Amino acid sequence: GENVEQHPSTLSVQEGDSAVIKCTYSDSASNYFPWYKQELGKRPQLIIDIRSNVGEKKDQRIAVTLNKTAKHFSLHITETQPEDSAVYFCAATSGGSARQLTFGSGTQLTVLP
Amino acid sequence: NAGVTQTPKFQVLKTGQSMTLQCAQDMNHEYMSWYRQDPGMGLRLIHYSVGAGITDQGEVPNGYNVSRSTTEDFPLRLLSAAPSQTSVYFCASTPAEGKIAFGSGTRLTVV
C-alpha cells in the first residue's frame with residue numbers, strides 16, 4: 001500500500017520567515033495530495049491541495065509543489081505569522097481510490113514572535 | 001447544513017467495555033471513513049464505506065466494527081475496549097472530488 005513520509009517532525013521559524021515541509025510517497029498511482037492544518041484540540045482542516053496534473057499551486061501565503069517523477073511534494077508558507085503555529089499533515093491518495101488517503105506523521109510548526 | 005456530526009466528544013471506558021461512536025453527515029456524500037490519531041503517527045484509516053451497505057477495512061481495523069445502513073450514518077463500534085485503543089477518533093465524509101471533511105473528534109481513554 002501507500003507509504004507517506006513527512007519531514008521534519010518539528011520546525012521552528014522566526015515570524016516573517018518561510019517554512020517548508022516535505023513529503024514523499026510510494027504509490028506512483030497517487031493523484032491527489034492535500035495538506036491539512038490542525039490546531040491543538042481541533043479537527044484537521046484542509047488548507048491546500050494539488051492534483052497530479054499540476055506542478056505548483058498557490059493560495060496567498062501558502063503554496064504546494066509536486067514532483068511526480070521523484071514522488072515528493074512540499075508545503076511552503078511565506079511570511080509566517082504566530083497563527084500559523086499548528087501541526088501540518090500531508091496526505092496522498094492510496095488503494096487506487098480518489099478518496100482514500102494515507103497521511104504523513106505530521107510536522108509541529110512553531111512560529112516564534 | 002451541519003457537515004459531519006460526531007458524538008461523544010470525550011469518553012472514558014474500562015477495559016472490556018463496549019461502545020459506539022456515532023457519526024452522521026448531511027452532505028449526501030457516499031464515501032465515509034473513520035481514522036484514529038495517535039501522537040507522532042498521523043491519522044490512520046480504520047474502516048471506510050463507499051456507500052450504504054458497503055464497508056471495508058483500512059490500515060488498522062482490528063478491534064473495530066462498522067456498519068452503513070444509511071448514507072447519513074456511519075457508526076464505529078468497539079466490542080471489547082483495550083488500552084491500546086486509547087486515541088482520538090475522527091469520522092470523515094468525502095465528496096467525489098476528494099476534499100475530506102472531518103468531524104470534531106472523540107477523545108477516548110481506555111483504563
Side-chain angles (χ1 to χ4, degrees), chain A residues 1-11 21 23-27 29-54 57 59 64 75 86-108, chain B residues 2-7 9-10 21 23 25 27-51 54-61 66 68 71 74 87-108:
Chain A
E2 174 74 283
N3 182 44
V4 177
E5 295 193 356
Q6 183 172 345
H7 300 280
S9 56
T10 60
L11 179 60
I21 302 170
C23 289
T24 61
Y25 62 97
S26 62
D27 187 351
S30 293
N31 57 10
Y32 175 65
F33 307 91
W35 285 88
Y36 287 83
K37 175 183 180 182
Q38 187 178 31
E39 297 175 340
L40 189 62
K42 301 286 184 62
R43 75 191 80 187
Q45 299 273 12
L46 178 69
I47 56 171
I48 195 168
D49 56 9
I50 192 168
R51 298 195 181 273
S52 58
N53 57 347
V54 176
K57 183 177 179 181
D59 183 3
V64 57
L75 177 71
V87 179
Y88 291 81
F89 292 97
C90 64
T93 48
S94 59
S97 167
R99 291 176 286 186
Q100 185 169 329
L101 294 178
T102 297
F103 285 81
S105 55
T107 296
Q108 173 68 63
Chain B
V4 182
T5 303
Q6 190 178 333
T7 57
K9 292 190 182 302
F10 301 96
L21 279 64
C23 178
Q25 52 96 3
M27 298 172 284
N28 203 34
H29 293 165
E30 292 293 330
Y31 190 98
M32 296 184 73
S33 49
W34 277 99
Y35 288 86
R36 61 176 288 173
Q37 183 175 29
D38 301 294
M41 299 185 73
L43 293 105
R44 293 182 292 168
L45 182 65
I46 304 171
H47 285 284
Y48 65 97
S49 169
V50 299
I54 306 170
T55 64
D56 207 346
Q57 297 180 351
E59 180 185 355
V60 289
V66 292
R68 186 88 180 275
T71 298
F74 190 45
S87 187
V88 179
Y89 292 85
F90 288 99
C91 177
S93 177
T94 309
E97 66 269 23
K99 296 181 188 291
I100 284 183
F102 285 99
S104 56
T106 297
R107 186 172 296 274
L108 175 68

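In what follows, chains are A, B, ... by sequence order, proteins preceding strands, each numbered from 1. All of these numbers come straight from a predicted model, not from anything done at the bench.
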Check whether any side-chain heavy atom of [X] lies under 4.5 Å from a side-chain heavy atom of [Y], and answer yes or no.
X: A:K42; Y: B:F102; answer: no
X: B:Q37; Y: A:Q38; answer: yes
X: B:L43; Y: A:Y36; answer: no

*How many angstroms lie between atom CG of B:L45 and atom CG of A:L101, to the nearest 0.5 angstrom?*
9.0 Å

*Could you state the interatomic distance from CD (A:Q100) to CG (B:D56), rounded to the nearest 0.5 Å?*
8.0 Å

*Has B:R44 got more than 12 heavy atoms of other residues, nucleotides or ligands less than 6.0 Å from its CZ?*
yes

*Examine whether an atom of A:P44 lies under 4.5 Å from a heavy atom of chain B, and if so say whether it belongs to the side chain, the backbone or both; otherwise answer neither.*
both

_Quick check on A:Q45 against chain B: is it the side chain, the backbone, both or neither that has a heavy atom closer than 4.5 Å?_
neither

*Please report the shortest heavy-atom distance between A:R43 and B:V4, naming the atom on each side.*
NH1-O, 4.3 Å

_Structural part of B:S33 lying under 4.5 Å from a heavy atom of chain A_ = neither

